[in-house]
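Heads up, the thing below is written out as structure tokens.
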2 protein chains.
Amino acid sequence: MAGVLAKSPKLREGKQLKMEERPLATRSDTKITLFDRTFDYGQLPELMGFHLRRASIVDFSTFSEEIGDRAITPLRYSALEVIGANPGLRQTQLAAILGLSKPAATLAIDFWEARDCLARRRIPEDGRARGIHLTPEGQRTLGELRRQVALHDQALTASLSEPELRALHSALRKIIESGGGAM
Amino acid sequence: MAGVLAKSPKLREGKQLKMEERPLATRSDTKITLFDRTFDYGQLPELMGFHLRRASIVDFSTFSEEIGDRAITPLRYSALEVIGANPGLRQTQLAAILGLSKPAATLAIDFWEARDCLARRRIPEDGRARGIHLTPEGQRTLGELRRQVALHDQALTASLSEPELRALHSALRKIIESGGGAM
DNA sequence: TATTGTTATACTCTATAACTATA
DNA sequence: TATAGTTATAGAGTATAACAATA
């Protein structure tokens, strides 16, 4: 996992820089102190994309660790979740829902099938397609995963109040919806 | 660019599911319609991490395209920005600031050096280290990039009001700061 | 002996293309 | 001829380890 931020920021305030032109940046995130020296992030702290990426990395980088199984990534969990919610889903449908290529969907299914969590079943109406179903072991695993993931997500946002949570959710939805065409 | 979301969601409302247990999900993002059929995202829409990731993908997937140069990624832009803001930065320092491995920093610098945008200079105090500096071409490129990136970021958040922007920024900061130890 | 930066190498993730079996 | 799914292959991007030069 990598990129675009320091491992342990230890942010410290620095001298103010044209703050009137930087509505979003606050004194404490324009600078970073490492090696006993202070460095400047330039205009990065003014960019919402920069913070979105960093918040997403916080989520991602703690996910597998908190789940307690390095192999279970957000993508693999998402696949199991969607299959559980849509029994008999076809692989092309899973790929479309998660925005994956066909081979990527195949691999995600292979992963869970190897753990006896789901099974591919022939579909009478179309011999080419397979319906994907949770096994009893998959039901159990998904149930436990859902709990752990929900806890992980609550921990991620533990520092936010209910109104802050709603505001964050609303803002993210607007960004996602406005970018729908480009995705 | 991939993963964990449909390319063109075309979200539609579906029947309500235990909404009292799903404070964050709203009717319009629990379902997705593809192939003339409605599928369920399961508990994914209840997870802030899911939306963070999707918003980040919207940002990332339009970045290089809007900049007009597929080779200029957020990471490479960030590297140039940080070097511009900290003239004479050493490569290990760049790596630490951006959370990169040494080889990754070397490659980012190689990229911009090949475009005559920056130069490695020997440091008198330490013959092992190199200070990284923008060239005149690098100054020009960075100036233009900063403008384009700022426009890109404004487009990303164009659907948000000023108070919404501040709320989003504040919430992301809290998530990033609370996860600081794990990053 | 430790550190800066480069090179070698390998691993993961992803995609496109080619293939098979059905339709 | 087209589609569902698999396999083959290749390209990014990343990391660790080994190396050269310097401290």
Side-chain angles (χ1 to χ4, degrees), chain A residues 1-5 7 34-35 53 57 60-61 63-64 70-79 83 88-114 118-133 183, chain B residues 1-5 7 34-35 37 53 57 60-61 63-64 69-79 83 88-114 118-133 183:
Chain A
M1 234 103 297
V4 186
L5 69 171
K7 297 266 176 186
L34 291 168
F35 315 109
R53 190 151 53 251
I57 289 172
F60 203 92
S61 67
F63 186 93
S64 304
R70 294 260 302 158
I72 298 178
T73 60
L75 172 65
R76 285 170 174 164
Y77 157 69
S78 298
I83 291 164
L89 198 69
R90 298 184 185 196
Q91 306 198 193
T92 44
Q93 293 171 333
L94 176 67
I97 292 168
L98 295 182
L100 301 171
S101 62
K102 287 192 297 175
T106 297
L107 290 173
I109 294 162
D110 287 347
F111 173 82
W112 289 116
E113 194 176 46
L118 52 83
R120 293 160 157 105
R121 292 195 208 145
R122 294 187 167 279
I123 292 177
E125 311 92 64
D126 189 338
R128 299 168 298 181
R130 318 279 159 194
I132 323 167
H133 298 264
M183 293 163 68
Chain B
M1 234 101 296
V4 188
L5 70 170
K7 297 267 177 187
L34 291 168
F35 315 108
R37 205 188 122 185
R53 191 153 51 252
I57 289 172
F60 203 93
S61 68
F63 186 94
S64 303
D69 186 337
R70 293 260 301 157
I72 299 179
T73 61
L75 171 64
R76 284 170 174 164
Y77 156 70
S78 298
I83 292 165
L89 197 70
R90 297 183 186 196
Q91 304 197 197
T92 44
Q93 293 171 333
L94 176 66
I97 293 168
L98 295 182
L100 300 171
S101 62
K102 288 192 296 177
T106 297
L107 290 172
I109 294 163
D110 287 347
F111 173 81
W112 289 116
E113 194 176 48
L118 51 84
R120 291 159 158 109
R121 291 193 208 148
R122 293 187 168 280
I123 292 175
E125 312 93 64
D126 189 337
R128 298 169 301 182
R130 318 277 161 199
I132 323 165
H133 297 265
M183 293 162 65

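Order of the sequence lines fixes the chain letters, A, B, ..., with proteins taken first and strands second; residue numbering starts at 1 for each chain. All values reported here derive from a predicted model rather than from experimental measurement.
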Quiz item: Mapping T73(A) and Q93(B) onto DNA chain C by nearest heavy atom, which one lands closer to the 5' end?
Solution: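 In this pair, the answer is Q93(B).
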Tell me the interatomic distance from [X], atom [atom1], to [N], atom [atom2], rounded to whole angstroms.
X       : N       : atom1 : atom2 : value
R90(A)  : dT22(C) : CZ    : P     : 15 Å
R122(A) : dT20(C) : CZ    : P     : 17 Å
L94(B)  : dG5(C)  : CG    : P     : 10 Å
R121(B) : dT4(C)  : CZ    : C1'   : 19 Å
R76(B)  : dT14(D) : CZ    : C1'   : 13 Å
L118(A) : dG5(D)  : CG    : P     : 13 Å
K102(A) : dA18(C) : NZ    : C1'   : 11 Å
Q91(A)  : dA21(C) : CD    : P     : 16 Å

Exercise. Ignoring backbone atoms, establish whether S101(B) has a side-chain N or O less than 4.0 Å from OP1 or OP2 of dT16(D).
Key: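 S101(B) to dT16(D) OP1/OP2: no side-chain N or O under 4.0 Å.
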Practice problem: Kindly say if R120(B) contacts the phosphate of dT6(C), meaning a side-chain N or O under 4.0 Å from OP1 or OP2. | Solution: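 Yes, such a contact exists.
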Exercise. Could you list by number each residue of residues 123-131 of chain B showing a heavy-atom separation from DNA chain C of less than 4.0 Å, or answer none if no residue does?
Key: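 Hits under 4.0 Å, by residue number: R128(B), A129(B), R130(B).
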Rounded to the nearest 0.5 Å, how far does [atom2] of [Y] lie from [atom1] of [X]?
X       : Y       : atom1 : atom2 : value
I83(A)  : Q91(A)  : CD1   : CD    : 8.5 Å
F60(A)  : L75(A)  : CZ    : CG    : 8.0 Å
S101(B) : L107(B) : OG    : CG    : 8.0 Å
L100(A) : K102(A) : CG    : NZ    : 13.0 Å

Quiz item: Counting distance only, does the side-chain N/O of R76(B) pair as donor-acceptor with the main-chain N or O of A71(B) below 3.5 Å?
Solution: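 Indeed, once roles are kept as given, a pair shorter than 3.5 Å links the two residues.
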Quiz item: For the residue pair E113(A) and L118(A), what are the closest heavy atoms and their distance?
Solution: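 Closest heavy-atom pair between E113(A) and L118(A): CG-O, 3.4 Å.
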Exercise. Using a cut-off of strictly less than 4.0 Å between a heavy atom of the residue and any atom of DNA chain D, enumerate the qualifying residues of residues 105-112 of chain A by number.
Key: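 T106(A) - these, ordered by number, are the residues of the stretch whose heavy atoms sit under 4.0 Å from the strand.
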Self-check item: Validation row: I109(B), R130(B) side chains within 4.5 angstrom (heavy atoms)
Solution: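 With C-beta onward as the side chain, the pair stays apart.
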Exercise. Taking the side chain as every heavy atom from C-beta outward, state whether W112(A) and I72(A) have any pair of such atoms under 4.5 Å apart.
Key: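 They are in side-chain contact.
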Quiz item: Who pairs with R121(B) by side-chain hydrogen bond (donor to acceptor under 3.5 Å, both in side chains), at least two apart in sequence or on another chain?
Solution: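 With sequence neighbours excluded, R121(B) shows a side-chain hydrogen bond (donor to acceptor under 3.5 Å, both in side chains) to no residue whatsoever.
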